[in-house]
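What follows is one structure encoded as structure tokens, with my remarks underneath.
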There are 2 protein chains.
Amino acid sequence: MSIQPPRPRGPSLNALRAFEASARLGGFTAAAEELNVTPGAVAQQIKNLEDWLGEPLFQRTSQGVRLTALGEATAGRFSDAFDQLGEAVGHLRARASTAQISVAALPSLAQCWLMPRLPALRRALPDLVISVTALEKPPNLIREAFDVSLFFSEAAPGADEIRIAEDRIYPVCAPEVAASVSSVDDLTQVPCLRDGHWQADWQVWLRRAMPDRPIAVTGPQYSLYSMALDAARSGGGVLMGHDSLVAPLIERGELVRLFDLTVPTGRWLTLRTTRPVHPALKRFIDLLAS
Amino acid sequence: MSIQPPRPRGPSLNALRAFEASARLGGFTAAAEELNVTPGAVAQQIKNLEDWLGEPLFQRTSQGVRLTALGEATAGRFSDAFDQLGEAVGHLRARASTAQISVAALPSLAQCWLMPRLPALRRALPDLVISVTALEKPPNLIREAFDVSLFFSEAAPGADEIRIAEDRIYPVCAPEVAASVSSVDDLTQVPCLRDGHWQADWQVWLRRAMPDRPIAVTGPQYSLYSMALDAARSGGGVLMGHDSLVAPLIERGELVRLFDLTVPTGRWLTLRTTRPVHPALKRFIDLLAS
DNA sequence: AAATCGGCATAGAAAATCTATGGTGAAGTG
DNA sequence: CACTTCACCATAGATTTTCTATGCCGATTT
């Protein structure tokens with residue numbers, strides 16, 4: 001008979017992950033979002049870890065948290081370790097023959113760019129299960145179980161990134177609305193539709209259209225670009241169109257361009273992938289980027 | 001309002017750890033021991049991981065498990081990642097000012113070697129909380145929350161190991177028993193106490209004492225060396241004494257040596273530590289090794 | 001002054017994880 | 001040849017961990 005008493009328990013792996021994410025992202029709330037839990041859950045995990053350690057890792061202030069010296073000194077090691085773990089999981093998935101791909105995309109891109117392409121993709125890759133998740137902000141592909149992300153990015157493309165198209169904007173509206181807008185000044189007389197996340201679009205375009213005489217436009221705001229797009233299609237006003245998203249509608253005659261001024265926003269529609277890329281994913285990406 | 005749907009869930013960290021341990025130790029049972037859970041729990045974790053992956057990682061045979069090609073190809077990455085994670089936790093503990101030390105030791109060493117030294121150690125390091133866990137086999141110091149381990153080892157000492165003493169054996173008994181044993185042959189007439197884990201001790205010693213004429217001794221067996229030692233002290237028979245464990249009792253006259261033959265077992269009492277070593281631990285080790 | 005943004009604490013709910021149990025086939029043992 | 005042992009499986013129920021929900025606080029912004 002052998003002695004089998006309780007061994008000293010280490011910290012929970014989830015607590016370590018919560019610490020790492022909070023340290024890297026600079027707050028419990030951001031970490032909670034990445035980990036897909038509530039901020040309270042992260043706060044608790046970190047408290048557990050601090051209790052186990054007997055020492056605080058974050059210094060709480062009323063407007064957020066800051067790493068203590070101890071936290072600062074060790075956070076990097078945890079990030080490295082979890083990077084490596086994420087990479088190992090990536091290899092596992094890449095070598096497994098499971099034909100599963102999950103895409104993270106900006107809601108507008110998911111709906112207006114990806115969805116129209118999905119039927120053809122599914123037809124070309126019938127053995128592939130493709131799932132799409134709409135996210136406001138690009139996920140950390142090393143940590144989360146996404147294979148591909150599709151967002152607008154200003155940065156120069158990295159090694160695992162492909163620039164698909166430049167983001168260019170111009171006003172668009174339904175054909176029957178176009179008649180009532182003959183000059184830029186007329187825009188003040190019609191509803192100028194806006195997307196909540198791209199509030200600045202109109203200003204960006206107007207600054208170029210009327211550099212000397214600033215004008216202000218107003219109109220309803222939609223939380224999703226696709227909703228604003230629907231509104232524009234049904235004659236609800238003028239929308240600041242993003243070329244990648246409205247071009248097919250213009251081609252089909254559902255929308256028409258107003259004026260000829262196209263303004264680049266300085267961002268690019270960027271597809272980012274995890275490494276390593278398994279064969280099915282490679283084919284998927286090649287089709288998307290072509 | 002933003003879209004916050006379920007993100008694709010990755011595998012649980014605990015499942016990954018169970019996989020890593022099982023792959024490294026070559027079985028669910030061994031992994032369960034290290035992780036301090038039942039084998040069934042490990043089997044379930046691994047099944048979860050395989051279900052998530054859609055592919056088996058182990059090939060089950062009736063006498064154990066073997067890694068599949070996929071498991072073989074990725075297990076190493078997970079070991080590296082968890083090594084790094086363990087190291088990060090080690091740094092965390094090392095920099096924290098918590099004066100907590102936990103020692104893993106062979107039951108016999110814990111009771112007969114460490115316990116007698118503990119009072120002095122606690123007196124010398126009063127601000128240190130020292131806990132001791134008896135284990136049959138040395139724990140993996142990178143993975144588990146031990147600071148120091150104390151076992152007999154045949155291998156040449158590594159970088160984080162200190163050889164404290166050579167393991168040498170010789171028969172001992174209570175003074176009143178010594179009178180009835182004047183030659184090695186007399187050993188067949190008295191109970192020869194044995195420890196369950198050191199069954200071979202008598203054979204090792206007798207092979208040297210009587211190289212030409214092998215004799216067999218018999219006697220009760222105890223699961224713990226300290227029990228056999230108590231039996232010997234109270235006159236229950238002759239015990240094969242390990243020098244490090246019985247020397248103090250001989251000095252105090254509670255036991256006497258029989259014959260003059262001391263046989264080295266080829267093993268060494270070895271103290272192993274984690275790196276990095278924090279200051280309190282350093283002082284502890286220095287005291288133990290001196 | 002009100003709204004917003006992190007963060008905290010707590011209780012109860014949900015989910016993950018573990019144990020316990022009985023069963024299998026293969027290998028070793030008397 | 002039966003008998004034991006060993007490692008693993010499956011399942012159900014218990015336990016522990018983790019999460020959500022809620023109300024609260026203090027600082028910044030409007």
Side-chain angles (χ1 to χ4, degrees), chain A residues 1-2 4-52 56-68 71 136-137 145 196 199, chain B residues 1-2 4-52 56-68 71 136-137 145 196 199:
Chain A
M1 193 159 73
S2 70
Q4 194 71 4
R7 304 186 172 199
R9 300 174 46 74
S12 101
L13 294 178
N14 289 330
L16 297 177
R17 176 161 60 179
F19 165 59
E20 191 275 335
S22 299
R24 174 165 41 85
L25 302 171
F28 296 172
T29 307
E33 200 172 324
E34 172 169 306
L35 300 175
N36 217 11
V37 295
T38 56
V42 174
Q44 264 176 94
Q45 293 281 28
I46 294 196
K47 196 161 145 1
N48 287 348
L49 181 57
E50 290 174 329
D51 287 350
W52 173 80
L57 290 164
F58 286 98
Q59 177 189 331
R60 275 76 166 177
T61 75
S62 56
Q63 70 267 29
V65 292
R66 216 179 27 229
L67 283 166
T68 60
E136 300 298 339
K137 282 183 287 189
Q199 303 255 13
Chain B
M1 204 175 46
S2 70
Q4 194 72 8
R7 305 187 172 200
R9 299 172 51 73
S12 100
L13 294 178
N14 289 330
L16 296 177
R17 175 162 58 180
F19 166 60
E20 190 277 334
S22 301
R24 173 164 43 84
L25 301 172
F28 296 172
T29 308
E33 200 172 320
E34 172 169 306
L35 299 174
N36 217 11
V37 296
T38 56
V42 173
Q44 265 177 95
Q45 292 283 26
I46 293 195
K47 195 163 145 1
N48 287 347
L49 182 57
E50 290 175 329
D51 288 349
W52 173 81
L57 290 164
F58 286 97
Q59 178 190 330
R60 275 76 166 178
T61 76
S62 56
Q63 70 265 33
V65 292
R66 216 181 26 233
L67 283 166
T68 60
E136 299 298 340
K137 281 183 288 189
Q199 303 255 14

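Within every chain, numbering begins at 1; the chains are lettered A, B, ... in the order of the sequence lines, protein sequences first and strands thereafter. Treat the numbers as computed from the prediction; the structure is a model and nothing was measured.
Contacts of A:Lys137 classified as side chain to side chain donor-acceptor pair (under 3.5 Å), with partners at least two apart in sequence or in another chain: none. Judged as a salt bridge (charged side-chain N to carboxylate O under 4.0 Å, His left out), and not counting sequence neighbours, the contacts of A:Arg24 are A:Glu20, A:Glu34. For B:Thr29, the side chain to side chain contact (heavy atoms under 4.5 Å, CB included) partners are B:Pro39, not counting sequence neighbours. Listed by chain and number, the residues in a side chain to side chain donor-acceptor pair (under 3.5 Å) with B:Asn14 are B:Arg17 (sequence neighbours excluded). Qualifying side chain to side chain contact (heavy atoms under 4.5 Å, CB included) partners for A:Gln44, counting only residues two or more places apart in sequence or in other chains: none. Checked against side chain to side chain donor-acceptor pair (under 3.5 Å), B:Arg66 has no partners two or more places apart in sequence or in another chain. Applying the side chain to side chain contact (heavy atoms under 4.5 Å, CB included) criterion to B:Pro11, with sequence neighbours excluded, gives A:Val89, B:Leu16, B:Leu49, B:Trp52.
Think of the region where chain B sits on DNA chain C: with heavy atoms and a 4.0 Å cut, that region ends 5' and 3' at C:dA16 to C:dA27.
The separation between B:Phe58 atom CZ and D:dA7 atom P is 15 Å, rounded to whole Å. Whole-Å rounding puts the B:Arg66 CZ to D:dC8 P distance at 13 Å. The separation between B:Phe28 atom CZ and D:dC6 atom P is 19 Å, rounded to whole Å. Distance B:Glu33 CD to D:dC6 C1': 14 Å, rounded to the nearest Å.
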Which nucleotides of nucleotides 17-30 of chain D have their base under 4.0 Å from a protein heavy atom (B), which only their sugar-phosphate (S), and which neither (-), written as one string 5' to 3'? SSBB-----BSS--
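Going from atom CD1 of B:Ile46 over to atom OG of B:Ser22 covers 3.5 Å, rounded to the nearest 0.5 Å.
A sub-4.0 Å separation between OP1 or OP2 of D:dC9 and a side-chain N or O of B:Arg60 is present.
Two residues, A:Gly64 and A:Lys47, neighbour DNA chain C, and the one matched to the more 5' nucleotide by heavy-atom proximity is A:Gly64.
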